[in-house]
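Here's the structure, in C-alpha cells; my notes come after.
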Amino acid sequence: MKILANDGISKSGIELLQKNGFEVVTTKVAQEQVAHFINANNIEVLLVRSATKVKKDVIDACPGLKVIGRGGVGMDNIDVDYAREKNIHVINTPASSSDSVAELVFAHLFSGVRFLYDSNRNMPLEGDTHFEAMKKSYANGIELRGKTLGIIGFGRIGKSVARIGLGLGMRVIASDKFVGNAEIKVDFYNGQFINVDIVTEPVEDIFREADFISLHLPAQEGYVIGAPEFAQMKDGVGIINASRGGIINEVELIEALETGKVSFAGLDVFEDEPTPAVQVLMHPKISLTPHIGAATLEAQDRIGTELAEQIISLLKTEI
C-alpha cells in the first residue's frame with residue numbers, strides 16, 4: 001500500500017511504516033498536480049501538513065484514497081466532514097507538537113519583555129556607532145515572574161503554555177468555552193512535580209487582568225480580538241498568537257500598538273499567509289516568526305511516529 005507524504009514526514013515515521021509493509025513516497029507534488037499523482041501512482045494514504053490543501057475537488061478526484069492524515073493539530077486545510085462522508089479516515093496528531101508551540105510562545109514573550117525583536121534589528125545597523133544610546137533605549141525591560149498570563153483556549157497547547165508559565169512563577173489564568181477546569185502537572189528535570197488546579201474564567205476577566213495574553217484557538221469565523229477587546233485590556237499588555245491567522249484584527253492590532261495599549265505582539269501566524277501584510281512585517285513592536293510553532297526536530301519526530309501508528313492501526317489488516 002502506497003503513502004504520499006506530500007509535506008514530508010520524519011525518518012522515524014517512514015521507518016515504522018516501511019517496517020509494517022507500507023511504501024512511503026516523499027516526492028513533493030505541486031498542489032494542482034496532487035490528484036493526478038495520487039491516481040497515477042495508486043496512492044491510498046495522503047499525509048499533509050499545512051501546505052497541501054485537501055478540499056472537495058481533490059477528494060472527489062481521488063476515489064482510491066482511504067486515509068488523509070494531517071501532521072499537526074488544525075485541519076482547516078482539509079474538508080474533514082466531506083472526506084468522512086466519502087468513508088475516508090481523517091487523522092491528525094493533536095498531542096505531538098504542544099510543547100514545541102508552547103516554547104515558541106515564551107520565545108516571543110521573552111523577546112517582547114526585553115525588546116529583542118527590536119534590538120536584533122537595530123544592533124547590526126547602529127550597534128557600533130550608538131551603543132550607549134541603544135543600551136539606554138533597551139534598559140527598561142521587565143520580568144515575567146510574578147506577572148499574570150492569560151490563556152485564551154485551554155486545550156493541549158494552552159495547558160502546555162500554562163505549565164511553562166507556572167514554572168516561571170507566573171500567575172496563570174485561562175478561558176475556554178469547553179473546558180471548566182484542568183489540573184496542570186509541572187514537571188521538573190529530576191522527576192519531581194507539582195499539580196496546580198486552574199479553573200477557567202470568562203474571557204472578559206482575561207482581558208481585564210492579564211499582563212500578557214496568549215491565544216490558542218482553532219480557525220474562527222470573524223475576529224476574536226479587535227478594537228472592542230483591546231479596549232478592555234490593561235494598558236501595555238503583550239499579545240501572542242501562535243494558533244491561527246485571522247483571529248486577531250491586524251489593522252486594529254497595529255492601532256493598539258501605536259497608542260501603547262499593546263506594548264508588543266508576537267505573531268507566528270497571519271491573516272494573509274503566505275503573504276503577510278507589509279505593515280505587520282515592518283512594525284517595530286512585533287516579534288515575527290513564519291508559522292513555525294510545531295517545527296522542532298522533536299515534534300516532527302513525534303508527529304511522524306504518531307501518524308504511522310494510526311495508519312498501521314487502521315490499515316495493517318489490508319496489506
Side-chain angles (χ1 to χ4, degrees), residues 3-20 22 24-26 28 45-54 66-78 80 83-84 88-108 151 153-165 167 174 176 178-179 182-187 189 193 214-219 240-245 268-269 273 289-316:
I3 298 170
L4 172 62
N6 203 44
D7 297 333
I9 184 173
S10 68
K11 182 179 178 181
S12 61
I14 293 173
E15 290 175 348
L16 183 55
L17 288 166
Q18 290 175 339
K19 181 180 177 181
N20 282 272
F22 293 89
V24 183
V25 179
T26 57
K28 175 61 180 177
V45 180
L46 173 61
L47 302 181
V48 303
R49 292 191 62 202
S50 58
T52 303
K53 314 301 179 188
V54 193
K66 294 180 178 179
V67 178
I68 300 168
R70 164 70 161 94
V73 181
M75 296 198 288
D76 41 300
N77 58 320
I78 301 171
V80 176
R84 288 174 174 159
I88 299 172
H89 298 286
V90 183
I91 59 176
N92 67 338
T93 58
S96 296
S97 58
S98 298
D99 288 346
S100 295
V101 177
E103 289 189 11
L104 182 65
V105 167
F106 281 90
H108 281 293
I151 300 170
F154 210 42
R156 290 180 179 87
I157 297 174
K159 290 170 184 172
S160 290
V161 171
R163 176 179 54 78
I164 298 174
D176 193 302
F178 306 104
V179 179
E183 184 178 77
I184 305 300
K185 183 180 180 182
V186 184
D187 299 279
Y189 77 97
F193 65 91
S214 188
L215 298 165
H216 299 285
L217 300 166
I240 309 295
N241 185 15
S243 56
R244 281 292 178 266
D268 186 49
V269 292
E273 290 184 35
T289 48
H291 203 154
I292 57 168
T296 62
L297 297 178
E298 295 87 349
Q300 293 311 303
D301 190 62
R302 290 190 296 266
I303 286 169
T305 301
E306 187 176 342
L307 282 173
E309 289 172 345
Q310 291 185 68
I311 292 165
I312 292 163
S313 176
L314 288 168
L315 300 178
K316 182 66 183 292

Using the rule side chain to side chain contact (heavy atoms under 4.5 Å, CB included), only one of Val67, Ile91, Val25, Leu307 pairs with Val45; which is it?
Val67
I'd like to know if the side chain of Arg70 reaches the main chain of Gly74, judged simply by a donor and an acceptor atom lying under 3.5 Å from each other, with no hydrogens or angles considered.
yes
Using modelled atom types and a 3.5 Å cut-off, is there a donor and acceptor pairing between side-chain atoms of Asn77 and backbone atoms of Thr52?
yes
Side chain to side chain contact (heavy atoms under 4.5 Å, CB included), that's the test. Do Leu47 and Asp7 meet it? Break it down for me.
CA-CA 7 Å; Leu47 302 181; Asp7 297 333; over 6 Å; no
Does Ser10 offer a backbone N or O that forms a donor-acceptor pair with the side chain of Glu15 under 3.5 Å?
no
To check you understand the geometry: which heavy-atom pair defines the closest contact between Arg302 and Ser96, and what is its length?
NE-O, 2.8 Å
To the nearest 0.5 Å, atom CG of Leu16 lies from atom NZ of Lys11 at 14.0 Å
Taking all non-hydrogen atoms of both residues, which atom of Val73 and which atom of Ser97 are closest, and how far apart?
CG2-OG, 4.0 Å
Between Arg84 and Val90, is there a donor-acceptor pair closer than 3.5 Å when you use the side chain of the first and the backbone of the second?
yes
Under a 3.5 Å distance rule, please check whether Asp268 uses its side chain to pair with a backbone N or O of His291 as donor and acceptor.
yes
Any donor-acceptor pair under 3.5 Å from Gln310 side chain to Asn92 backbone:
yes
Whether Asn241 side chain and Arg244 backbone form a donor-acceptor pair below 3.5 Å:
yes
Is any side-chain heavy atom of Ile9 closer than 4.5 Å to one of Ile3?
no
Which pair of non-hydrogen atoms, one from Phe22 and one from Ile312, has the smallest distance, and what is that distance?
CE1-CG1, 4.0 Å
Let's go through Lys28 and Asn6 carefully: what are the C-alpha distance in whole Å and the side-chain angles of both, what is the deciding distance for side chain to side chain contact (heavy atoms under 4.5 Å, CB included) to 0.1 Å, and is it a yes or a no?
CA-CA 5 Å; Lys28 175 61 180 177; Asn6 203 44; 3.8 Å; yes
Nearest heavy-atom approach of Thr93 to Gly71 is OG1-C, 3.7 Å
Any chance you could measure Leu314, atom CG, to His89, atom NE2, to the nearest 0.5 Å?
5.0 Å
When the side chains of residues 156-163 are checked against the rest of the protein, which donor-acceptor pairs come out under 3.5 Å, sequence neighbours left out?
residue, atom, partner, partner atom, Å
Ser160, OG, Asp99, OD1, 3.1
Ser160, OG, Arg156, O, 3.2
Arg163, NH2, Asp99, OD1, 2.9

If you compare all heavy atoms of Ala102 against all heavy atoms of Ile164, which two are closest, and at what distance to 0.1 Å?
CB-CD1, 3.8 Å
Closest heavy-atom pair and its distance - Thr305, Ser12
OG1-OG, 3.2 Å
